[in-house]
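Being a predicted model, the structure only gives us computed values, none of them experimental. All ligand and atom numbering here is 1-based and tracks the order in the structure.
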Amino acid sequence: MGFQLPGVESLGDLRGKKVLVRVDFNTPVHLVDGRTEVSDDFRIRATLPLLESLKAQGAHVTCMTHFGRPKGQPNPEYSVEPIRRRLEELCPGVELKENLRFNAGEEANDPAFGASLVEGFDCYVNEAFGASHRAHASIMIPPTLIPSAAGPNLIREVKTILGALEAPVRPFVAIVGGAKVKDKLAITRVLTEKADLVIVGGGMAYTFEVAEGRTIGGSLFDESNVENCRNLLATGKIRIPTDSRGLTNGETYGPEGGTASVIEFDGNIPDDSMGLDIGFSSAEAFAEEIARAGTILWNGPMGVFEDPRFASGTERIARAVAAAPGFSVVGGGDSVAAIQKFHLENEVDFVSTGGGASLELVEQGDLPGLQALRQSERN
Ligand code: 3PG
Ligand code: MG
């Protein structure tokens, strides 16, 4: 990467020091016997090497995180209590402050709120890759006030993602999916510049299909971006699905599934129908490209994989990415969820803890939280 981040070793001897760690413990939760519990502790586990090492050095460690979007007000529904219990099981003796977003100063990047956070602390570590695209007080202000460093997982995330983009083993195949084309245009554009092939699937692909002159029936469509899609197709780097699987318009679909039977579309989709997943031949063709890749970057699912009838495209891609000999990086909340759903997280080379953050890092090559840490080094 084109810049260096100060590591924890730059903080010197931490024996007896009070260390404040910004983490991203914004984790999924569920009810177990009437009690809210963490249902996926991936983001908590990702911080354990740092937390254990700080403890071993004799530091007193306090973590702080946001959790959900309580809109600047205390709200028991968003208390970090379940997260605190899980943290105590995984790493006893580390404190966790209450939800940062209970105070409006957090999202407003209020200097006074930021200053109140660091009161009594000797130094600060940002180990919250997943929140480092947010210019919020807990990310931006501490590095201006006390000695600050990047945590090892943050550094690893940034190095892996930027390394894959800047010095990929070729061919570099990127896979972009998800529902909304407007959310993924910027990343798709960057990837057409860096990768050898950009595979596009998911709901966003239908706007590309229209740009190519195909009919898509009632599938997801964003008219205002047809021209953008046409320009991206003109790069010659984009590969879109040739077939699709879906339902008659108006039939229900989603995590609960549904009873209507799946229709397969070869090429055009008729007016009375909609596509909800890539077809089998597209999935096979994409999987072949993935198998040949030296570097693979995957962001976004190929269809409505929460519905078992439309999981096959995403599952085929997930299995291809997992099996591929090339170096594979998966980022973005939904593709990470897909990898976990198919129990492939140990088979891809790198699973990012960041959703929006990994997307923004690819798009911009930098993040506000990383800039804050570099700024701090110059102070
Ligand atoms: C995430 O899960 O995307 C991060 O924790 C950031 O949360 P936010 O999107 O609510 O800012
Ligand atoms: Mg988010």
Side-chain angles (χ1 to χ4, degrees), residues 21-30 36 38-47 50 63-75 77-80 82-84 86-87 96-110 113-114 117 125-142 150-151 153-154 156-158 161 176-180 182-184 186-187 298-301 306 329-341 345 350-364 366-373:
V21 184
R22 176 50 156 110
V23 290
D24 181 354
F25 289 170
N26 187 27
T27 58
V29 290
H30 61 171
T36 307
V38 169
S39 57
D40 174 5
D41 60 12
F42 175 50
R43 283 179 163 178
I44 305 178
R45 288 180 183 277
T47 68
L50 169 69
C63 293
M64 56 178 177
T65 186
H66 71 284
F67 175 47
R69 294 180 175 171
K71 302 195 167 73
Q73 303 272 349
N75 179 342
E77 204 187 313
Y78 294 103
S79 163
V80 300
I83 301 168
R84 199 176 269 147
R86 188 72 189 118
L87 177 64
L96 179 63
K97 285 184 189 257
E98 191 43 281
N99 194 343
L100 289 161
R101 291 187 185 171
F102 282 1
N103 189 309
E106 167 64 356
E107 288 169 83
N109 194 16
D110 173 22
F113 178 64
L117 293 173
V125 181
N126 181 346
E127 189 63 308
F129 174 71
S132 290
H133 60 315
R134 303 287 185 221
H136 294 172
S138 62
I139 300 283
M140 304 306 286
I141 310 289
N153 187 64
L154 180 96
R156 199 172 68 106
E157 294 261 8
V158 174
I161 294 173
V176 187
K180 294 191 187 145
K182 81 165 168 20
D183 293 349
K184 297 294 172 77
I187 192 172
W298 180 25
N299 185 300
E306 312 85 291
V329 177
V330 181
D334 288 338
S335 25
V336 173
I339 283 285
Q340 288 169 335
K341 176 172 175 171
E345 57 270 39
F350 187 80
V351 180
S352 177
T353 59
S358 62
L359 196 68
E360 246 186 77
L361 184 59
V362 174
E363 288 170 10
Q364 326 261 328
D366 205 352
L367 297 174
L370 310 181
Q371 285 163 5
L373 291 168

K.L.:
Is E157 salt-bridged to R43, cutoff N-O under 4.0 Å?
P.N.:
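No, no charged N to carboxylate O under 4.0 Å.
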K.L.:
Hey, which atoms in ligand 1 end up nearer than 4.0 Å to a heavy atom of N26?
P.N.:
1 (C), 2 (O), 4 (C), 5 (O), 7 (O)
K.L.:
Check each atom of ligand 1 against the heavy atoms of R134 and keep those under 4.0 Å away; list them by number with element.
P.N.:
8 (P), 9 (O), 11 (O)
K.L.:
Should one rank H66, E107, R69, R43 by closest heavy-atom distance to atom 6 (C) of ligand 1, which comes out on top?
P.N.:
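Among H66, E107, R69, R43, the closest heavy atom to atom 6 (C) of ligand 1 belongs to H66.
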K.L.:
With heavy atoms under 4.0 Å as the rule, classify the contact between R101 and ligand 1 as side chain, backbone, both or neither.
P.N.:
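Within the 4.0 Å criterion, R101 contacts ligand 1 through side-chain atoms alone.
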K.L.:
When you compare ligand 1 with H133, is there at least one nitrogen or oxygen pair between them that comes in under 3.5 angstrom?
P.N.:
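No; the residue has no nitrogen or oxygen that sits under 3.5 Å from a nitrogen or oxygen of the ligand.
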K.L.:
Going by heavy atoms in the side chains, are N299 and L359 under 4.5 Å from each other?
P.N.:
yes
K.L.:
Using a 4.0 Å cutoff against the non-hydrogen atoms of D24, which atoms of ligand 1 qualify?
P.N.:
4 (C), 5 (O)
K.L.:
Any chance you could measure E363, atom CD, to H133, atom NE2, to the nearest 0.5 Å?
P.N.:
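Going from the CD atom of E363 to the NE2 atom of H133 covers 10.0 Å.
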K.L.:
Would you say G355 contacts ligand 1, with heavy atoms under 4.0 Å as the rule?
P.N.:
no
K.L.:
How would you list, by chain and number, every residue that makes a salt bridge (Lys or Arg N to Asp or Glu O under 4.0 Å) with R156, sequence neighbours excluded?
P.N.:
none
K.L.:
Which atoms form the tightest heavy-atom contact between G68 and N26, and what is the distance?
P.N.:
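Taking every non-hydrogen atom into account, N-OD1, 2.9 Å.
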K.L.:
Hey, is the main chain of H136 close enough, under 3.5 Å, to the side chain of E107 for a donor-acceptor pair?
P.N.:
no
